Engineer: 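Next up is a structure, given as structure tokens.
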Amino acid sequence: MKTMKALGFLTIAAGFLFAPAQKATAQVSVDIGVAPVCPYGYYEAPPYNCAPDGYYGPEWFSGGIFIGAGPWYHGPDRFYGHVDHHFDYRKGYRGGFPERGAPPAAARREFHGNAMHDVHGHEAPRGHH
């Protein structure tokens, strides 16, 4: 009887030990909120501040509406657009910045781009036009 109890216990223990573990499923969600409302678009990287008029080239706009950058981008894959580093705070620009929600000026500044960025602010590969 002792042997039967021990064998039964050992069988149950082995069943728990060698039974396949159930996989736990998890879902991760990150809420980035709504895109900043800026008259000339917002920079492609955090903290997503409003960019001044002249930073983005015309291909960043569709019908006068900014197509987005960073996590709120709504456009074609592998997009690169012209930017003007003279208006990039990461490159030393210290001029004025529009406030969120501000209306655009009646007349826009002429664009003079000197670089191309993807939607996350990365420079385009050499030779990319």
Side-chain angles (χ1 to χ4, degrees):
M1 188 68 168
K2 258 186 175 182
T3 307
M4 289 299 276
K5 271 187 171 176
L7 188 57
F9 178 74
L10 193 58
T11 303
I12 292 172
F16 283 121
L17 183 63
F18 295 110
Q22 289 192 5
K23 292 182 181 178
T25 58
Q27 185 174 2
V28 177
S29 175
V30 177
D31 183 15
I32 57 171
V34 297
V37 177
C38 300
Y40 313 110
Y42 46 86
Y43 289 105
E44 319 94 313
Y48 305 108
N49 291 331
C50 291
D53 186 17
Y55 176 68
Y56 283 111
E59 63 272 284
W60 290 89
F61 298 86
S62 177
I65 307 295
F66 184 60
I67 61 172
W72 302 282
Y73 172 68
H74 302 292
D77 292 339
R78 294 183 204 75
F79 173 82
Y80 285 93
H82 290 89
V83 297
D84 188 340
H85 280 171
H86 294 106
F87 297 108
D88 191 337
Y89 70 95
R90 298 163 291 195
K91 305 282 186 188
Y93 175 70
R94 298 290 177 256
F97 297 93
E99 295 291 324
R100 289 185 184 205
R108 299 280 314 264
R109 144 183 311 147
E110 187 176 325
F111 179 73
H112 298 283
N114 55 9
M116 291 188 79
H117 283 186
D118 71 6
V119 299
H120 301 291
H122 303 115
E123 295 283 335
R126 286 198 174 275
H128 192 85
H129 300 283

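This one's a predicted model, so the numbers in the text were calculated from it and none came from an experiment.
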Engineer: Taking side-chain hydrogen bond (donor to acceptor under 3.5 Å, both in side chains) as the cut-off, I'd like each qualifying pair that reaches into residues 93-110, sequence neighbours left out, listed once.
Structural biologist: Asp53-Arg108
Engineer: How would you list all residue pairs meeting salt bridge (charged side-chain N to carboxylate O under 4.0 Å, His left out) that involve residues 80-93, not counting sequence neighbours?
Structural biologist: Glu44-Arg90, Asp88-Arg90
Engineer: Applying disulfide bond (SG atoms under 2.5 Å apart) as the test, list every pair that has at least one member in residues 54-113; sequence neighbours left out.
Structural biologist: none
Engineer: Quick one: side chain to side chain contact (heavy atoms under 4.5 Å, CB included) partners of Pro46, sequence neighbours excluded?
Structural biologist: Tyr48
Engineer: Could you name each residue pair satisfying disulfide bond (SG atoms under 2.5 Å apart) that touches residues 48-85, not counting sequence neighbours?
Structural biologist: Cys38-Cys50
Engineer: Please collect all side-chain hydrogen bond (donor to acceptor under 3.5 Å, both in side chains) contacts where either partner lies in residues 57-71, sequence neighbours excluded, each pair once.
Structural biologist: Glu59-His82
Engineer: I'd like to check the ring-ring contact (aromatic ring centres under 6.0 Å, His included) partners of His120; sequence neighbours left out, ordered by chain and number.
Structural biologist: none
Engineer: Determine which pairs satisfy disulfide bond (SG atoms under 2.5 Å apart) with at least one residue from residues 69-104, sequence neighbours left out, and list them in order.
Structural biologist: none
Engineer: Tyr55: which residues meet the ring-ring contact (aromatic ring centres under 6.0 Å, His included) condition with it, sequence neighbours left out?
Structural biologist: Tyr43
Engineer: Under 4.5 Å between side-chain heavy atoms, hopping through other hydrophobics if needed: is there a path connecting Tyr40 to Tyr56?
Structural biologist: no
Engineer: Specify the closest pair of heavy atoms between Pro98 and Pro52, including all atoms of both residues, with the distance to one decimal.
Structural biologist: CD-CA, 3.8 Å
Engineer: Treat each ILVMFWY residue as a node, draw an edge where side-chain heavy atoms are under 4.5 Å apart, and state whether Phe61 and Phe79 are in one component.
Structural biologist: yes
Engineer: What is the distance from atom CZ of Phe87 to atom CZ of Phe97, rounded to the nearest 0.5 Å?
Structural biologist: 10.5 Å
Engineer: Applying side chain to side chain contact (heavy atoms under 4.5 Å, CB included), name anything that partners Ala115, two or more places apart in sequence or on another chain.
Structural biologist: Val83, His85, Glu123
Engineer: Quick check, are the ring centers of Tyr42 and Phe66 under 6.0 angstrom apart?
Structural biologist: yes
Engineer: Extract all donor-acceptor atom pairs below 3.5 Å that involve side chains of residues 68-77 and protein atoms in other chains or at least two apart in sequence.
Structural biologist:
{"unit_1": "Trp72", "atom_1": "NE1", "unit_2": "Gly33", "atom_2": "O", "d": "3.0"}
{"unit_1": "Tyr73", "atom_1": "OH", "unit_2": "Pro76", "atom_2": "O", "d": "2.7"}
{"unit_1": "His74", "atom_1": "NE2", "unit_2": "Trp72", "atom_2": "O", "d": "3.1"}

Engineer: Check side chain to side chain contact (heavy atoms under 4.5 Å, CB included) between Pro58 and all other residues, then give those that pass, not counting sequence neighbours.
Structural biologist: Phe111
